[in-house]
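By convention in this document, chain letters (A, B, ...) are assigned in the order of the sequence lines, proteins followed by strands, and residues within each chain are numbered from 1.
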There are 2 protein chains.
Amino acid sequence: MPLPQTEMPGRLQAHFAERGIRMTQQRRAILRVMETANKHLDAAHLLRKAQKLDASVDRSTVYRTLKLLKRHGLIDELDLMHINGEGHYYERKLNRDHIHMACLGCGKIMEFVSDIFEKLKGQVEKDCRFRIVVSRLEIGGYCAECSK
Amino acid sequence: MPLPQTEMPGRLQAHFAERGIRMTQQRRAILRVMETANKHLDAAHLLRKAQKLDASVDRSTVYRTLKLLKRHGLIDELDLMHINGEGHYYERKLNRDHIHMACLGCGKIMEFVSDIFEKLKGQVEKDCRFRIVVSRLEIGGYCAECSK
DNA sequence: ACTCCAGTTGCAATCGAGTCGCATCTGAGC
DNA sequence: GCTCAGATGCGACTCGATTGCAACTGGAGT
Ligand SMILES: [Mn+2]
Ligand SMILES: [Mn+2]
Ligand SMILES: [Zn+2]
Ligand SMILES: [Zn+2]
């Protein structure tokens, strides 16, 4: 019997097992950090947090694991408008994807779920006959406080 | 009498003049390349093309001019799903902004204009009380040919 | 429990996009 | 023409990300 479609979010390790991907000490640490993170992490933060769980984790392993997670569609990669340097941010892909807004005034990051966004993706798939694998809508501007 | 809103696209130099930004040999070359480019350019390509018009153009001037153009909202910066390295791509901002789709199979870049996208931005501005300055919707997936 | 090896890791070197300090140069207002 | 704020070229630099390689290890097979 298949699991319900709204699969429990946060079981990256389970995904690895299902797909026969080898589990290592280091990957366990990195996945745990990604699973429990409540905000967008860049590679450097991810490394530091993972090293608290397993001091042996190396920077290159973080990057290799991020690439693996991306390849399997388990995480999303974000720019967040390059509000802080040239690097990228990562977050676990949940059931529903969302829009990211970055305030150019105060640096705050906001998220927003929208049915219109889903409709737009549907339109792209239909009108352009394009099979969507990953989508990223990032908006820069000014939040309510910073606007007035 | 104001110009019609659908201003003639492609007059970056005119924008500079209007806003009292100094015009130089090098900027003239770079702006000309941006104006006449028909595809998304990365900084390296932009440099090479600009150097054909003015051999003295330096890499750092290209980056400084890109930053200037961004700051004035005259160009958009794109990742195009990092289909080719970590760099960014640039294009002149036209009247109507558009979605970018990158085919993970053949590397083709497609563009798409959608009223639903405009509606979505309107929703964000209204529901989140967020004043949008710049927006980027980038989609990765498979085009019609690569899907079958 | 032991073996085995493909896959993974740490490390250090390296790449490549983008930035910066500084001496020099230049555009455009007078 | 002068003048100088602002722009440029150059080289050094930062920093995110990648890679080659020898050593290590997970987990399948026995
Ligand atoms: Mn980017
Ligand atoms: Mn475009
Ligand atoms: Zn703000
Ligand atoms: Zn394709």
Check your understanding: So which one's nearest nucleotide on DNA chain C is more toward 5', A/Asp54 or B/Arg28?
Key -> A/Asp54
Check your understanding: Does OP1 or OP2 of C/dG18 have a side-chain N or O of B/His88 closer than 4.0 Å?
Key -> yes
Review point. Under 4.0 Å: is that the gap between some side-chain N or O of A/Arg27 and OP1 or OP2 of C/dT8?
Key: yes
Review point. Below 4.0 angstrom from OP1 or OP2 of D/dT18, is there any side-chain N or O of A/Lys67?
Key: yes
Check your understanding: Under 4.5 Å between side-chain heavy atoms, hopping through other hydrophobics if needed: is there a path connecting A/Ile30 to A/Tyr89?
Key -> no
Review point. Side chains of A/Arg136 and A/Asp79: does their closest heavy-atom pair fall under 4.5 Å?
Key: yes
Point to revise | Presence of B/Gln26 side-chain N/O under 4.0 Å of D/dG9 phosphate oxygens OP1/OP2 | key: yes
**Study point:** Distance-only donor-acceptor test, A/Arg59 side-chain atoms vs C/dG10 base atoms, 3.5 Å
**Key:** no
Revision key, fill the gap. On DNA chain D, more 5' by nearest nucleotide between A/Met23 and B/Thr61 is B/Thr61
Check your understanding: Between atom CZ in A/Phe16 and atom P in C/dG7, what is the gap in whole Å?
Key -> 15 Å
Check your understanding: Are a donor atom and an acceptor atom from the side chains of B/Gln25 and B/Ser56 found within less than 3.5 Å of each other?
Key -> no
Review point. Just checking A/Ala43: base, sugar-phosphate only, or nothing, at a heavy-atom cut-off of under 4.0 Å?
Key: sugar-phosphate
Check your understanding: Is a donor-acceptor pair below 3.5 Å formed from side chain A/Arg64 to base C/dG10, judging by atom type as modelled?
Key -> yes
Exercise for review: Give a yes or no on whether a salt bridge exists between A/Arg96 and A/Asp115, defined as a side-chain N under 4.0 angstrom from a carboxylate O.
Suggested key: yes
Check your understanding: In terms of the nearest nucleotide of DNA chain D, which residue is placed more toward the 5' end: B/Arg22 or B/Glu86?
Key -> B/Arg22
Practice item. Would you tell me if any nitrogen or oxygen in the side chain of B/Tyr63 comes within less than 4.0 Å of OP1 or OP2 on C/dT19? Key: no
**Study point:** Any A/Ser56 side-chain nitrogen or oxygen under 4.0 Å from OP1 or OP2 of C/dG10
**Key:** yes
Point to revise | Side-chain N or O of B/Thr24 closer than 4.0 Å to phosphate OP1/OP2 of D/dG6 | key: no
